[in-house]
Amino acid sequence: MSDWIAIGAMGLVGVGIPLAMMTVSALLRPSVPEQGKSATYESGEVPTGTARVQFNIQYYMVALLFVVFDIETVLIFPWTVIYRSALEQGASLATVLVPMLLFIGVLVVGLVWAWRNGAVKWVKSPQANRRKTERQDA
């Protein structure tokens, strides 16, 4: 039970120190309200237009695929560490290998699905399309 107490204490310290630092900072810092502090600042330039910019959905798709395969790496690495010791302790090859193969299989199915739906196909810029048509015309 003492292990859990140590983990709980570490969690409290990990949350408590930043909260205490923010509280002390809020109490000690000078407060000088002025209009310039609430104005939008963009590298010394006066901002023009709205802040809403529509990004290409491909950026989000690439980010999601990165997260999926990053999680895959995080889960496969510990499995590779215990693979040999599990076999040495008497676990059968199927018992050790089948769950990881199923996991990788699900990820491959997801990758194929994303590929077929165009999630990993990058959209070419209009400039690249113009150059391609110019080469074909020449």
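Any value given below was found using the heavy atoms of this structure, including those in side chains, with hydrogens, waters and symmetry copies removed. Model, not experiment: these values are computed from the prediction.
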For this session: Could you grab the distance from atom CD1 of Ile82 to atom CZ of Phe77, nearest 0.5 Å is fine?
Result: 12.0 Å
For this session: Give the cluster check for Val13 versus Met21: same hydrophobic cluster or not, with ILVMFWY residues linked at side-chain heavy-atom distances below 4.5 Å.
Result: yes
Problem set entry | side chain to side chain contact (heavy atoms under 4.5 Å, CB included) evaluation trace for Val68 with Leu111 | CA-CA 10 Å; Val68 166; Leu111 178 63; over 6 Å; no
Problem set entry | Spatial distance of atom CG (Asp70) from atom CG (Leu65) [nearest 0.5 Å] | 12.0 Å
Exercise. Going only through I, L, V, M, F, W and Y residues with side-chain contacts under 4.5 Å, is there a path from Leu87 to Val98?
Worked result: no
Exercise. In terms of hydrophobic clustering (I, L, V, M, F, W, Y; side-chain heavy atoms under 4.5 Å; direct or indirect links), are Leu93 and Leu101 co-clustered?
Worked result: yes
Exercise. In terms of heavy-atom contacts, does CH2 of Trp79 have more than 12 from other residues, nucleotides or ligands at under 6.0 Å?
Worked result: yes
Exercise. How far does OG1 of Thr80 sit from CG of Leu75, to the nearest 0.5 angstrom?
Worked result: 11.0 Å
Seminar exercise, completed: Closest heavy-atom pair, Pro99 versus Ala94, reported as atoms and distance to 0.1 Å, is CD-O, 3.9 Å
Exercise. Taking atom CZ of Phe69 and atom CD1 of Ile71, what is their separation to the nearest 0.5 Å?
Worked result: 11.0 Å
Problem set entry | Under 3.5 Å: donor-acceptor pair, side chain of Thr23, backbone of Leu19 | yes
Seminar exercise, completed: All heavy atoms of Met100 vs all of Ile76, minimum pair found to be SD-CG1, 3.6 Å
For this session: Report whether Val67 and Val112 are members of the same hydrophobic cluster (ILVMFWY, side-chain heavy atoms less than 4.5 Å apart, transitive linking).
Result: yes
Problem set entry | CG-CG distance between Leu97 and Leu102, expressed to the nearest 0.5 angstrom | 9.5 Å
Exercise. What is the distance from atom CZ of Phe103 to atom CG of Leu107, rounded to the nearest 0.5 Å?
Worked result: 4.5 Å
For this session: Mind checking ring-ring contact (aromatic ring centres under 6.0 Å, His included) for Tyr60 and listing every partner two or more places apart, or none if nothing turns up?
Result: none
Exercise. Any idea which heavy atoms bring Ser92 and Thr95 closest together, and the distance?
Worked result: OG-OG1, 2.6 Å
Exercise. Quick one: do Trp113 and Val106 end up in the same hydrophobic cluster if we chain Ile, Leu, Val, Met, Phe, Trp and Tyr together by side-chain heavy atoms under 4.5 Å apart?
Worked result: no
